[in-house]
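Both counts, for ligands and for their atoms, begin at 1 and track the order of listing. Heavy atoms only: backbone and side chains are in, while hydrogens, waters and symmetry mates are out. For the single chain, residues carry numbers from 1 onward in sequence order.
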Amino acid sequence: MALKSERPHRVDVAKNVRNFCIIAHIDHGKTTLSDRLLEITRTVDSRELEEQALDAMDLERERGITIRMHPVTLEYRALSGEAYRLNLIDTPGHVDFSYEVSRSLAACEGAVLIIDAAQGIEAQTLANYHLALEHELTIIPVINKIDLPAADPQRVMGEIEELLVVEKSECILASAKNGIGIEEILEAIVHRIPPPRGHRDHLRALVFNAQFDPYRGVVSYVRVVDGRLSPGTRFMSMAHERVFECTEVGIFAPQMRTTQSLELGDVGYVIANIKSLGEIDVGDTITSATDPAHVALPGYRKAVPMVYCGLYPNEGEYDGLRDALEKLKLNDAALVYEPESSVALGFGFRCGFLGLLHMEIVQERLERDYGLDLIATSPSVVFRVNRTDGTSLTIDNPSKLPASSVIRSIEEPYVKATIISPPEYVGAIMEITQSRRGTLGNMEYLHDGRVILTYEMPLIEVIVDFFDALKSRTKGYASLDYEVIEYREGDLVKLEILLNAEPVDALSFIVARDKAASRGRALAERLKELIPRQLFEVPIQAAIGGKIVARETVSAMRKNVLSKCYGGDITRKRKLLEKQKAGKERMKRVGKVELPQEAFMAVLRLGS
Ligand SMILES: Nc1nc2c(ncn2[C@@H]2O[C@H](COP(=O)(O)OP(=O)(O)OP(=O)(O)O)[C@@H](O)[C@H]2O)c(=O)[nH]1
Ligand SMILES: [Mg+2]
């Protein structure tokens, strides 16, 4: 065997363990299939099983989407009579969270790839499939939702054969909702996915995720690759060369459940009095402190935030926001933040996110879990500015753009976008991608007539309302996936918005020169609708390099809400006043003008 010549030790096999994750495009039924697997293996009593049981976060349940990866251990007695331990990881399907998917894949030997029988292969199906191939995983294709009237498994099998290196005969037909095909999936997991292999000595475990628990410190999610871990084991983080003593190990069932040890091939958690995530990293390798391994496991690239915005609290809540960000960061390594100040909004933080959904979710958690009231400024990407003196700088905030006289060039991130759509919408897609500086790379027709289009386009154009425009112009049929490929030079300018003749830094953004004027006009019009009438007239101007390109005016009005309540109904009066006050809370005073939150996001919705 090849492995033998490289390593002196005997290769061991954890014969009755299987590690796999469930991957798919968003909403194709990963978490619902996990429910069925929890149920059939009696990991959770079926009377207690809630729908989408693994989506434990309140935000996940409300939105019906998975945000985090969720590992769980199942005990399965196969038809052969043999008992297996299956470690499953449910993953998110949304493009913002593909980092969770790739981390999960690294802990597994196999992946169950779900494809919706009515929708077929979508953009994230392909993206996640390729991720699984990169990790050399065994793939089990499952065609789900065959109960739907619109299901067409034959067509989907055709697509699978066309686009993936998978035979029709490997596909399993299932309905996660109605419990069809579940046993077949379990048998395929046991028979097709290889058991974990490794060495019984020289502990090496991959930290594929970590959570911070205020009482117990860092809970590391690990996959044991070699050796074993048990309470009392003194282990070392290879990235930080710090030694800890393990106090508890266990599995997710789906709640944390203590076990005596984690053996070769196992997936579970480790607790060891680790006080902060700076002492151990996601992607780190844990090894024995007394008998360390020489080579760390491959680990991960760091998650790079793509989208930045400013978050500004109400007066007096700055410290509260800093504490809240600090706490959120403990469980969300992809979130970055640093203090910034804005002439218009005062003191706040510049925060970096994986994408717009991530941004929305973080803001919602800050407001809800920490009782903060925030204004988010319009999102930006990270630009590279090359100055005339030969130096360059990166900026994630348009207001930091140096004067145009010292700029030699500006570079911006480009993405490769993959769009899958029925053919009748190709015209519309070309229109919206062209208007967003996209260039068509490839166009391929599928068996069923659908088209796969690949584009290269600036990330900022994707963020600014592209997805919404795509969904509305294709009646929701097109799916989109994208990844950043490189920085390219662009002819870019800063568009500034002035209220009452004062530039508002939090409303400025960077845009392609040839579109700046029309964007400026559209934004001024939109702001006119959004800014409530004030006691005085508010001129809105859009300017490029000091030149005004658009002007609108919000006319003055004195609004006496109480004039509606004739008669002496004092409770009604109070209610109205309170309502008005609640409405005000989402306003931010900028100079003399009150601005609603929507004004800062207006740039995102210009197309629609
Ligand atoms: N008819 C039918 N609906 C299903 C089936 N499986 C899942 N669904 C529904 O599809 C929707 C999405 O299911 P989820 O399990 O949340 O999908 P997911 O892949 O986990 O979604 P993300 O985690 O957000 O990517 C839910 O409304 C489910 O009830 C099925 O077999 N048949
Ligand atoms: Mg899910």
Side-chain angles (χ1 to χ4, degrees), residues 20-40 43-44 46 49-72 88-105 108 111-129 131-132 139-153 156-157 171-186 209 252 254 354-358 360-361 364 420 467 471 476 479-482:
F20 67 100
C21 46
I22 306 185
I23 55 174
H25 187 73
I26 192 161
D27 268 354
H28 281 198
K30 296 173 287 295
T31 307
T32 309
L33 175 64
S34 308
D35 282 352
R36 294 293 85 72
L37 296 177
L38 290 175
E39 194 175 52
I40 199 171
T43 308
V44 177
S46 46
L49 186 78
E50 290 177 90
E51 269 182 40
Q52 266 98 343
L54 292 184
D55 285 348
M57 260 165 69
D58 48 356
L59 269 172
E60 289 181 315
R61 300 197 69 84
E62 275 166 35
R63 289 173 177 247
I65 57 165
T66 305
I67 296 169
R68 287 281 166 78
M69 64 163 88
H70 296 285
V72 52
L88 165 169
I89 306 178
D90 181 24
T91 65
H94 192 281
V95 56
D96 277 14
F97 304 117
S98 68
Y99 187 56
E100 298 275 314
V101 180
S102 59
R103 272 171 24 225
S104 310
L105 293 166
C108 299
V112 171
L113 175 68
I114 298 185
I115 300 148
D116 186 314
Q119 297 189 330
I121 289 180
E122 297 286 10
Q124 268 89 47
T125 318
L126 286 179
N128 289 335
Y129 168 73
L131 276 180
I139 290 167
I140 300 176
V142 169
I143 300 180
N144 186 36
K145 307 198 189 181
I146 56 164
D147 60 291
L148 286 177
D152 188 351
V156 176
M157 277 189 221
C171 298
I172 300 173
L173 301 187
S175 163
K177 193 168 178 184
N178 296 350
I180 303 167
I182 309 303
E183 190 160 70
E184 206 185 324
I185 294 171
L186 283 164
N209 196 19
F252 299 95
L354 297 170
L356 281 188
L357 179 63
H358 186 213
E360 220 176 86
I361 281 167
E364 202 169 323
I420 302 185
F467 190 58
K471 282 284 171 196
S479 64
L480 165 75
D481 183 75
Y482 63 85

Contact atoms of ligand 1, heavy-atom distance to [X] under 4.0 Å:
{"X": "Gly93", "answer": "25 (O)"}
{"X": "Gly29", "answer": "7 (C), 13 (O), 14 (P), 15 (O), 17 (O), 18 (P), 19 (O)"}
{"X": "Asn144", "answer": "5 (C), 6 (N), 31 (O)"}
{"X": "Ile65", "answer": "24 (O)"}
{"X": "Leu148", "answer": "1 (N)"}
{"X": "Thr32", "answer": "6 (N), 7 (C), 13 (O), 14 (P), 15 (O), 28 (C)"}

Considering all heavy atoms, the nearest [X]-[Y] contact:
{"X": "Gln124", "Y": "Val95", "result": "NE2-CB, 3.4 Å"}
{"X": "Ile26", "Y": "Ile65", "result": "CD1-CG2, 4.1 Å"}
{"X": "Tyr129", "Y": "Leu113", "result": "CD1-CD2, 3.9 Å"}

Side-chain donor/acceptor of [X] to backbone N/O of [Y], under 3.5 Å:
{"X": "Ser479", "Y": "Ala123", "value": "yes"}
{"X": "Gln52", "Y": "Gly64", "value": "no"}
{"X": "Asp147", "Y": "Ser175", "value": "no"}
{"X": "Glu100", "Y": "Arg68", "value": "no"}
{"X": "Arg36", "Y": "Gly179", "value": "no"}
{"X": "Glu60", "Y": "Met57", "value": "yes"}
{"X": "His70", "Y": "Asp90", "value": "no"}

Handout entry: side-chain hydrogen bond (donor to acceptor under 3.5 Å, both in side chains) between Ser104 and Thr91, worked out
Key = CA-CA 7 Å; Ser104 310; Thr91 65; 5.9 Å; no
Part of [X] with heavy atoms under 4.0 Å of ligand 1, whether side chain, backbone, both or neither:
{"X": "Asp27", "answer": "both"}
{"X": "Thr66", "answer": "both"}
{"X": "Gln52", "answer": "side chain"}
{"X": "Ile26", "answer": "both"}

Practice task
Say whether Glu51, considering both its backbone and side-chain N or O atoms, lies within less than 3.5 Å of an N or O atom on ligand 1.
Solution key: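 So ligand 1 has no N or O lying under 3.5 Å from an N or O of Glu51.
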Exercise for the section: Examine Ser175 against ligand 1 and note whether any of their N/O atoms are separated by less than 3.5 Å. Expected result: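 There is such a contact, yes.
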Problem - pair Arg103-Asn209: side-chain heavy atoms closer than 4.5 Å - result: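 Yes; the side chains approach each other to less than 4.5 Å.
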Problem - Heteroatoms of the protein, restricted to N/O/S, which lie under 2.8 Å from the Mg ion (ligand 2) - result: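 Result, waters dropped: Thr31 OG1, Thr66 OG1.
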Problem - For Lys145, the option from Asp152, Asp116, Asp27 that meets salt bridge (Lys or Arg N to Asp or Glu O under 4.0 Å) - result: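 Going through Asp152, Asp116, Asp27 one by one, the salt bridge (Lys or Arg N to Asp or Glu O under 4.0 Å) with Lys145 is satisfied by Asp116 alone.
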Could you tell me the residue and atom name of the protein heavy atom closest to [atom], and the distance to it rounded to 0.1 Å?
{"atom": "atom 32 (N) of ligand 1", "value": "Asp147 OD1, 2.7 Å"}
{"atom": "atom 31 (O) of ligand 1", "value": "Ala176 N, 2.9 Å"}
{"atom": "atom 25 (O) of ligand 1", "value": "Lys30 NZ, 2.8 Å"}

Handout entry: Over 12 non-hydrogen atoms of neighbours within 6.0 angstrom of CD in Glu51
Key =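 It does not: Glu51 CD has 12 such atoms or fewer within range.
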Handout entry: Nearest neighbour of atom 9 (C) of ligand 1 from the list Lys145, His28, Lys177, on a heavy-atom basis
Key =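 Residue with the shortest heavy-atom distance to the ligand atom: Lys145.
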Practice task
Scan the protein's non-hydrogen atoms and note whether one is under 4.0 Å from atom 27 (O) of ligand 1.
Solution key: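 No.
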